[in-house]
Asks: 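What follows is a structure written as C-alpha coordinates; I'll ask about it next.
All heavy atoms count here, side chains included; hydrogens, waters and symmetry mates do not. Throughout, protein chains are lettered first and strands after them, A, B, ... in sequence-line order, and every chain is numbered starting at 1.
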Amino acid sequence: KQEVTQIPAALSVPEGENLVLNCSFTDSAIYNLQWFRQDPGKGLTSLLLIQSSQREQTSGRLNASLDKSSGRSTLYIAASQPGDSATYLCAVRDSGWGQNFVFGPGTRLSVLP
Amino acid sequence: NAGVTQTPKFRILKIGQSMTLQCTQDMNHNYMYWYRQDPGMGLKLIYYSVGAGITDKGEVPNGYNVSRSTTEDFPLRLELAAPSQTSVYFCASRTGLPEAFFGQGTRLTVV
(Lines give C-alpha, C1' and ligand atoms only; values in the text may rest on other atoms or scores of the structure.)
Protein backbone atom coordinates (compact mmCIF):
# COMPACT_ATOMS: atom_id res chain seq x y z
CA LYS A 1 0.00 0.00 0.00
CA GLN A 2 1.38 3.37 -1.03
CA GLU A 3 2.17 5.75 1.81
CA VAL A 4 3.20 9.37 1.45
CA THR A 5 4.94 11.41 4.11
CA GLN A 6 5.93 15.06 4.20
CA ILE A 7 8.62 16.76 6.21
CA PRO A 8 8.48 19.15 7.96
CA ALA A 9 4.90 19.21 9.21
CA ALA A 10 5.15 22.96 9.72
CA LEU A 11 7.65 25.62 8.71
CA SER A 12 7.97 29.29 9.55
CA VAL A 13 10.41 31.48 7.63
CA PRO A 14 11.05 35.21 7.18
CA GLU A 15 10.07 36.80 3.91
CA GLY A 16 12.66 36.50 1.14
CA GLU A 17 14.09 33.14 2.16
CA ASN A 18 14.42 30.23 -0.21
CA LEU A 19 12.93 27.04 1.17
CA VAL A 20 12.50 23.35 0.43
CA LEU A 21 9.56 21.11 1.24
CA ASN A 22 10.07 17.36 1.20
CA CYS A 23 7.83 14.50 0.15
CA SER A 24 8.55 10.77 0.35
CA PHE A 25 6.59 7.83 -0.98
CA THR A 26 7.02 4.11 -0.36
CA ASP A 27 6.21 2.57 -3.76
CA SER A 28 8.19 3.93 -6.68
CA ALA A 29 5.75 2.51 -9.28
CA ILE A 30 3.93 5.81 -9.72
CA TYR A 31 2.43 7.46 -12.79
CA ASN A 32 3.06 10.98 -11.61
CA LEU A 33 3.38 13.27 -8.62
CA GLN A 34 1.48 16.49 -8.07
CA TRP A 35 2.04 19.35 -5.64
CA PHE A 36 -1.00 21.24 -4.40
CA ARG A 37 -1.55 24.36 -2.36
CA GLN A 38 -4.41 24.60 0.11
CA ASP A 39 -5.42 27.84 1.77
CA PRO A 40 -7.34 27.66 5.08
CA GLY A 41 -10.94 26.62 4.49
CA LYS A 42 -10.38 26.37 0.75
CA GLY A 43 -9.99 23.71 -1.88
CA LEU A 44 -6.83 22.45 -3.56
CA THR A 45 -4.95 24.41 -6.18
CA SER A 46 -2.62 22.46 -8.44
CA LEU A 47 0.91 23.90 -8.50
CA LEU A 48 3.06 21.47 -10.43
CA LEU A 49 2.68 18.01 -11.90
CA ILE A 50 5.68 15.80 -12.66
CA GLN A 51 5.29 12.75 -14.83
CA SER A 52 7.15 9.61 -13.73
CA SER A 53 9.55 10.01 -16.68
CA GLN A 54 10.43 13.59 -15.72
CA ARG A 55 12.99 14.86 -13.23
CA GLU A 56 11.61 18.31 -12.54
CA GLN A 57 9.05 20.96 -13.38
CA THR A 58 9.22 24.71 -12.91
CA SER A 59 6.59 27.40 -12.64
CA GLY A 60 7.67 30.89 -11.71
CA ARG A 61 9.33 30.78 -8.29
CA LEU A 62 8.44 27.12 -7.81
CA ASN A 63 10.55 24.15 -8.80
CA ALA A 64 9.59 20.56 -8.11
CA SER A 65 11.95 17.64 -8.52
CA LEU A 66 11.28 13.93 -8.60
CA ASP A 67 13.61 11.04 -7.82
CA LYS A 68 11.38 8.07 -8.41
CA SER A 69 13.97 5.43 -7.57
CA SER A 70 14.50 6.83 -4.09
CA GLY A 71 10.83 7.71 -3.60
CA ARG A 72 11.40 11.42 -3.06
CA SER A 73 10.23 14.76 -4.33
CA THR A 74 11.09 18.28 -3.26
CA LEU A 75 9.29 21.55 -3.79
CA TYR A 76 11.64 24.52 -3.88
CA ILE A 77 10.17 27.97 -3.34
CA ALA A 78 12.46 30.87 -4.18
CA ALA A 79 12.27 34.30 -2.55
CA SER A 80 9.31 33.42 -0.36
CA GLN A 81 6.50 35.94 0.15
CA PRO A 82 3.77 36.24 2.82
CA GLY A 83 1.27 35.28 0.11
CA ASP A 84 2.96 31.86 -0.08
CA SER A 85 1.62 31.03 3.39
CA ALA A 86 -0.57 27.95 3.00
CA THR A 87 -0.50 24.18 3.39
CA TYR A 88 1.37 22.35 0.65
CA LEU A 89 0.24 18.84 -0.20
CA CYS A 90 2.13 16.25 -2.15
CA ALA A 91 0.21 13.47 -3.91
CA VAL A 92 1.29 10.50 -6.02
CA ARG A 93 -0.84 8.69 -8.53
CA ASP A 94 -0.32 4.97 -8.89
CA SER A 95 -2.24 1.99 -10.18
CA GLY A 96 -4.40 1.51 -7.10
CA TRP A 97 -8.09 2.40 -6.72
CA GLY A 98 -8.90 3.88 -10.10
CA GLN A 99 -5.46 5.40 -10.34
CA ASN A 100 -6.35 7.90 -7.68
CA PHE A 101 -4.00 10.19 -5.81
CA VAL A 102 -2.47 9.16 -2.50
CA PHE A 103 -1.85 12.26 -0.42
CA GLY A 104 0.68 13.19 2.18
CA PRO A 105 -0.43 15.03 5.34
CA GLY A 106 0.94 18.36 4.11
CA THR A 107 3.43 20.98 5.25
CA ARG A 108 1.96 24.13 6.78
CA LEU A 109 4.08 27.08 5.67
CA SER A 110 4.09 30.52 7.28
CA VAL A 111 6.09 33.28 5.64
CA LEU A 112 6.54 36.19 8.03
CA PRO A 113 6.72 39.76 6.73
CA ASN B 1 -15.37 27.54 -16.68
CA ALA B 2 -17.16 25.99 -13.71
CA GLY B 3 -14.80 23.00 -13.31
CA VAL B 4 -15.79 20.83 -10.33
CA THR B 5 -18.68 22.17 -8.27
CA GLN B 6 -19.60 20.89 -4.82
CA THR B 7 -22.70 21.69 -2.82
CA PRO B 8 -23.33 22.51 -0.07
CA LYS B 9 -20.21 24.31 1.19
CA PHE B 10 -21.13 23.80 4.83
CA ARG B 11 -23.57 21.54 6.64
CA ILE B 12 -24.36 20.56 10.21
CA LEU B 13 -26.09 17.20 10.68
CA LYS B 14 -27.49 15.51 13.73
CA ILE B 15 -26.41 11.96 14.51
CA GLY B 16 -28.50 9.49 12.52
CA GLN B 17 -29.59 11.96 9.86
CA SER B 18 -28.84 11.38 6.21
CA MET B 19 -27.68 13.70 3.46
CA THR B 20 -26.24 13.78 -0.03
CA LEU B 21 -23.15 15.75 -0.99
CA GLN B 22 -23.39 16.85 -4.58
CA CYS B 23 -20.52 16.95 -7.07
CA THR B 24 -20.81 18.06 -10.69
CA GLN B 25 -18.14 18.56 -13.31
CA ASP B 26 -18.54 20.13 -16.73
CA MET B 27 -15.28 18.91 -18.29
CA ASN B 28 -16.59 15.54 -19.54
CA HIS B 29 -14.12 13.74 -17.28
CA ASN B 30 -14.47 10.00 -16.93
CA TYR B 31 -12.73 9.61 -13.60
CA MET B 32 -14.31 11.05 -10.46
CA TYR B 33 -13.28 10.68 -6.83
CA TRP B 34 -14.52 11.47 -3.34
CA TYR B 35 -12.00 12.19 -0.60
CA ARG B 36 -12.27 13.18 3.03
CA GLN B 37 -9.73 15.31 4.85
CA ASP B 38 -9.40 15.20 8.62
CA PRO B 39 -7.39 17.82 10.56
CA GLY B 40 -3.65 17.40 10.08
CA MET B 41 -4.14 14.51 7.71
CA GLY B 42 -3.89 14.03 4.01
CA LEU B 43 -6.91 13.29 1.88
CA LYS B 44 -8.21 9.73 1.99
CA LEU B 45 -10.17 8.14 -0.86
CA ILE B 46 -13.76 7.16 -0.07
CA TYR B 47 -15.15 6.07 -3.45
CA TYR B 48 -14.22 6.48 -7.07
CA SER B 49 -15.76 6.05 -10.50
CA VAL B 50 -14.08 5.38 -13.84
CA GLY B 51 -17.18 6.22 -15.88
CA ALA B 52 -20.95 6.44 -15.82
CA GLY B 53 -22.46 3.37 -14.20
CA ILE B 54 -19.17 2.22 -12.66
CA THR B 55 -18.22 2.87 -9.04
CA ASP B 56 -15.93 1.22 -6.56
CA LYS B 57 -14.73 1.52 -2.98
CA GLY B 58 -11.61 3.33 -1.95
CA GLU B 59 -9.70 3.26 1.30
CA VAL B 60 -12.43 4.43 3.71
CA PRO B 61 -15.88 3.58 2.23
CA ASN B 62 -17.76 2.52 5.36
CA GLY B 63 -20.82 4.67 6.06
CA TYR B 64 -20.99 6.07 2.54
CA ASN B 65 -22.58 5.25 -0.79
CA VAL B 66 -22.22 6.70 -4.27
CA SER B 67 -23.86 6.54 -7.66
CA ARG B 68 -22.80 7.64 -11.13
CA SER B 69 -25.81 7.76 -13.42
CA THR B 70 -24.30 10.46 -15.65
CA THR B 71 -20.78 11.50 -16.60
CA GLU B 72 -21.28 14.88 -14.94
CA ASP B 73 -22.61 13.93 -11.50
CA PHE B 74 -21.13 11.88 -8.67
CA PRO B 75 -23.16 12.31 -5.46
CA LEU B 76 -21.96 10.96 -2.11
CA ARG B 77 -24.61 9.69 0.27
CA LEU B 78 -24.36 9.46 4.07
CA GLU B 79 -27.19 7.28 5.36
CA LEU B 80 -26.78 7.39 9.15
CA ALA B 81 -24.49 10.24 10.06
CA ALA B 82 -21.99 9.62 12.86
CA PRO B 83 -19.58 12.02 14.61
CA SER B 84 -16.67 10.16 12.97
CA GLN B 85 -17.91 11.50 9.63
CA THR B 86 -17.20 15.07 10.68
CA SER B 87 -14.67 16.10 8.05
CA VAL B 88 -14.07 18.15 4.93
CA TYR B 89 -15.10 16.32 1.77
CA PHE B 90 -13.51 16.92 -1.62
CA CYS B 91 -14.64 15.77 -5.01
CA ALA B 92 -12.15 15.50 -7.87
CA SER B 93 -12.21 14.58 -11.53
CA ARG B 94 -9.83 13.94 -14.39
CA THR B 95 -9.67 12.58 -17.91
CA GLY B 96 -7.14 10.01 -18.99
CA LEU B 97 -4.63 12.83 -18.67
CA PRO B 98 -2.68 13.01 -15.42
CA GLU B 99 -3.89 16.24 -13.87
CA ALA B 100 -6.80 16.13 -11.42
CA PHE B 101 -9.17 18.99 -10.66
CA PHE B 102 -10.69 19.48 -7.23
CA GLY B 103 -13.84 21.11 -5.97
CA GLN B 104 -13.82 23.67 -3.16
CA GLY B 105 -14.91 21.17 -0.54
CA THR B 106 -17.88 20.57 1.76
CA ARG B 107 -17.31 21.09 5.48
CA LEU B 108 -19.56 18.67 7.37
CA THR B 109 -20.11 18.60 11.12
CA VAL B 110 -22.10 15.80 12.77
CA VAL B 111 -23.35 16.60 16.27
Side-chain angles (χ1 to χ4, degrees), chain A residues 1-10 21-26 30-54 57 59 64 66 68 73 86-108, chain B residues 2-7 9-10 21 23 25 27 29-52 54-61 66 68 74 87-109:
Chain A
K1 177 189 167 188
Q2 180 78 264
E3 292 185 2
V4 180
T5 55
Q6 291 186 247
I7 294 173
L21 308 181
N22 297 291
C23 171
S24 298
F25 48 95
T26 55
I30 64 170
Y31 294 123
N32 54 59
L33 181 145
Q34 196 162 351
W35 282 94
F36 295 88
R37 170 187 172 135
Q38 185 176 28
D39 293 288
K42 304 290 186 182
L44 279 67
T45 301
S46 177
L47 297 173
L48 290 165
L49 182 146
I50 311 177
Q51 298 279 38
S52 62
S53 58
Q54 297 175 322
Q57 282 286 335
S59 176
L66 174 63
K68 203 173 71 160
S73 176
T87 296
Y88 290 80
L89 296 165
C90 163
V92 299
R93 191 163 71 85
D94 62 14
S95 59
W97 287 320
Q99 297 178 27
N100 86 108
F101 282 99
V102 180
F103 282 83
T107 293
R108 189 169 64 253
Chain B
V4 180
T5 302
Q6 290 183 238
T7 56
K9 288 186 170 54
F10 304 93
L21 282 66
C23 176
Q25 52 91 10
M27 298 172 283
H29 287 175
N30 288 331
Y31 295 84
M32 294 189 75
Y33 307 91
W34 273 107
Y35 294 88
R36 61 177 286 173
Q37 184 181 33
D38 298 316
M41 307 284 285
L43 281 70
K44 292 191 182 298
L45 183 68
I46 306 171
Y47 269 94
Y48 69 95
S49 170
V50 300
I54 306 170
T55 63
D56 211 341
K57 297 177 181 178
E59 184 178 3
V60 289
V66 294
R68 185 91 183 273
F74 191 40
S87 189
V88 181
Y89 292 83
F90 288 99
C91 178
S93 73
R94 68 177 184 88
T95 63
L97 297 175
E99 189 172 8
F101 298 84
F102 283 78
Q104 290 299 298
T106 295
R107 188 173 297 273
L108 175 66
T109 302

Asks: Just give me the residue among Gly104(A), Gly43(A), Ser46(A), Cys90(A) that pairs up with chain B most often, heavy atom to heavy atom, under 4.5 Å.
Replies: Gly43(A)
Asks: Is it the side chain or the backbone of Gln51(A) that comes within 4.5 Å of chain B heavy atoms, both, or neither?
Replies: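 The answer is the side chain of Gln51(A).
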Asks: Given Val92(A), which partner from the list Tyr31(A), Phe25(A), Phe101(A) fulfils the side-chain contact (heavy atoms from CB on, under 4.5 Å) test?
Replies: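 Among Tyr31(A), Phe25(A), Phe101(A), the one that satisfies the side-chain contact (heavy atoms from CB on, under 4.5 Å) with Val92(A) is Phe25(A).
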Asks: When heavy-atom pairs shorter than 4.5 Å are enumerated against chain B, which of Leu49(A), Leu44(A), Val4(A) gives the highest number?
Replies: Leu44(A)
Asks: Ring-plane angle category for Phe90(B) and Phe102(B), please: parallel below 30°, perpendicular beyond 60°, tilted otherwise.
Replies: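 Because their plane-to-plane angle is over 60°, the rings of Phe90(B) and Phe102(B) count as perpendicular.
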Asks: Ignoring hydrogens, what is the shortest heavy-atom contact between Asn100(A) and Tyr33(B)? Give both atom names and the distance.
Replies: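 Nearest pair, atom of Asn100(A) first, then Tyr33(B): CB-CE2, 3.4 Å.
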Asks: Should the pair Phe103(A) and Tyr35(B) be assigned to parallel (<30°), tilted (30 to 60°) or perpendicular (>60°) ring geometry?
Replies: perpendicular
Asks: Please flag which part of Gln37(B) lies under 4.5 Å from any non-hydrogen atom of chain A: side chain, backbone, both or neither.
Replies: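 Answer is side chain: those atoms of Gln37(B) sit under 4.5 Å from chain A.
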